[in-house]
Amino acid sequence: MNSPKQPLPTFDEVLLCTPQTSAEQVGLFLRRCLIPCQGGNKIYTMLYADELSYDVSKRAEELFQHLQCYNSSYRLIILCNCEGENSYLPSAFSHYKVHMIPQRSQAEIQQYLQHHFRVPQPSDSAAAVFKEHMCVGIVSSKRAGMGK
């Protein structure tokens with residue numbers, strides 16, 4: 001995020017974990033991260049790793065330990081909810097733990113994201129309904145079930 005020209009992560013660099021995430025999905029992700037290839041200097045990120053089941057987490061740690069020897073320059077970030085930091089995977093990697101404080105202001109982060117998510121005008125895109133022609137948007141309400 002040092003420059004607006006830096007791209008957002010691609011689909012293969014991010015794994016959004018849920019309780020339904022399979023060991024195969026995590027394994028493919030870890031192989032992309034830990035087996036050297038022509039891909040360059042990608043930063044791989046597992047989001048909500050605390051959501052993984054115990055069995056999937058255990059298999060992921062074992063695979064990580066096995067594949068780690070193939071690449072000493074991997075770049076892997078595992079993010080979890082602070083309330084779930086005692087679940088298996090965050091606990092297994094706790095010796096790598098780094099408390100993160102954002103280095104950029106909220107306004108700078110928003111500006112960077114707006115740069116990447118803005119649809120050029122004129123366009124016959126659904127982005128026309130969102131503020132400033134963004135191709136993503138968040139719709140929220142203080143009252144649940146109000147037809148969002």
Side-chain angles (χ1 to χ4, degrees), residues 1-119 126-127 130-148:
M1 206 186 101
N2 292 327
S3 163
K5 295 183 184 345
Q6 287 181 311
L8 291 170
T10 58
F11 70 93
D12 65 327
E13 294 175 88
V14 179
L15 178 64
L16 180 60
C17 301
T18 68
Q20 291 76 35
T21 302
S22 69
E24 289 76 19
Q25 290 171 307
V26 176
L28 288 171
F29 179 78
L30 289 174
R31 284 180 178 83
R32 281 195 299 264
C33 174
L34 295 168
I35 296 177
C37 65
Q38 304 273 3
N41 293 326
K42 293 184 175 186
I43 300 173
Y44 293 88
T45 306
M46 290 179 70
L47 297 170
Y48 303 114
D50 55 304
E51 295 282 325
L52 295 173
S53 70
Y54 176 82
D55 292 334
V56 171
S57 296
K58 178 81 171 133
R59 288 177 61 186
E61 182 200 13
E62 291 168 357
L63 182 61
F64 176 84
Q65 299 299 336
H66 174 72
L67 294 175
Q68 185 180 10
C69 63
Y70 292 106
N71 186 359
S72 61
S73 63
Y74 63 90
R75 298 179 347 170
L76 174 64
I77 299 170
I78 300 174
L79 295 173
C80 65
N81 186 335
C82 63
E83 294 170 1
E85 67 183 344
N86 294 325
S87 61
Y88 186 86
L89 206 58
S91 296
F93 289 91
S94 64
H95 55 285
Y96 297 110
K97 187 178 193 175
V98 175
H99 287 281
M100 188 59 193
I101 298 172
Q103 300 298 308
R104 303 281 184 201
S105 69
Q106 182 178 355
E108 288 176 303
I109 294 169
Q110 287 174 336
Q111 186 177 14
Y112 172 80
L113 292 173
Q114 285 175 354
H115 173 78
H116 286 285
F117 289 126
R118 184 170 287 125
V119 174
F130 287 113
K131 182 180 175 184
E132 299 177 8
H133 291 279
M134 296 292 136
C135 63
V136 295
I138 297 174
V139 178
S140 65
S141 172
K142 293 183 193 255
R143 295 177 55 195
M146 297 305 296
K148 293 179 284 297

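Numbers for residues simply follow the sequence, beginning at 1. Just so it is clear, the model here is predicted, and its values are computed rather than measured.
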Using a 4.5 Å cut-off on heavy atoms from C-beta on, say whether the side chain of R104 contacts that of Q110. no
Could you check whether any side-chain heavy atom of Y112 comes within less than 4.5 Å of a side-chain heavy atom of L8, counting everything from C-beta outward? yes
Could you give the distance from CD (Q111) to NE2 (H116), rounded to the nearest 0.5 Å? 11.0 Å
Could you measure the distance from the CG atom of L89 to the OG atom of S94? Nearest 0.5 Å is fine. 10.5 Å
Counting only heavy atoms not in Q106, do more than 12 fall under 6.0 Å of its CD? no
The side chain to side chain contact (heavy atoms under 4.5 Å, CB included) partner of Y44 among L76, L30, I77, I78 is L76
Classify the ring geometry of F93 against Y96: parallel below 30°, tilted from 30° to 60°, perpendicular beyond 60°. tilted
Measure across S91 and S87 and return the closest heavy-atom pair with its distance rounded to 0.1 Å. OG-O, 2.9 Å
Side chains of P19 and T21: closer than 4.5 Å at any heavy-atom pair? no
Look at the side chain of D50 and the backbone N and O of C80, then say whether any donor-acceptor pair between them is shorter than 3.5 Å. no
Between the CZ atom in R31 and the CG atom in L63, the distance rounded to the nearest 0.5 Å is 5.0 Å
If you measure from CD on Q25 to CG on L15, what distance do you get to the nearest 0.5 Å? 7.0 Å
Stepwise, does the side-chain contact (heavy atoms from CB on, under 4.5 Å) test hold for Y70 with L34? CA-CA 7 Å; Y70 292 106; L34 295 168; over 6 Å; no
Quick test of your reading: applying salt bridge (charged side-chain N to carboxylate O under 4.0 Å, His left out), list the pairs with at least one residue in residues 70-80, sequence neighbours left out, ordered by first then second residue. none
Note: M46 and L52 closest approach over all heavy atoms is CE-CD1, 3.8 Å
Sequence neighbours excluded, the answer for side chain to side chain contact (heavy atoms under 4.5 Å, CB included) partners of Q114 is R118, E132, M134
Qualifying salt bridge (charged side-chain N to carboxylate O under 4.0 Å, His left out) pairs with a residue from residues 7-16, counting only residues at least two apart or across chains: D12-K42
Flag yes if more than 12 heavy atoms outside Y48 fall under 6.0 Å of its OH atom; otherwise flag no. no
Flag for D55-S57: side-chain donor and acceptor within less than 3.5 Å: no
To the nearest 0.5 Å, tell me how far F11 CZ sits from L16 CG. 15.5 Å
Interatomic spacing from CD in Q103 to CD1 in I109 - rounded to 0.5 Å: 10.0 Å
What are the two closest heavy atoms between P9 and V14, and how far apart are they? CB-CG2, 3.7 Å
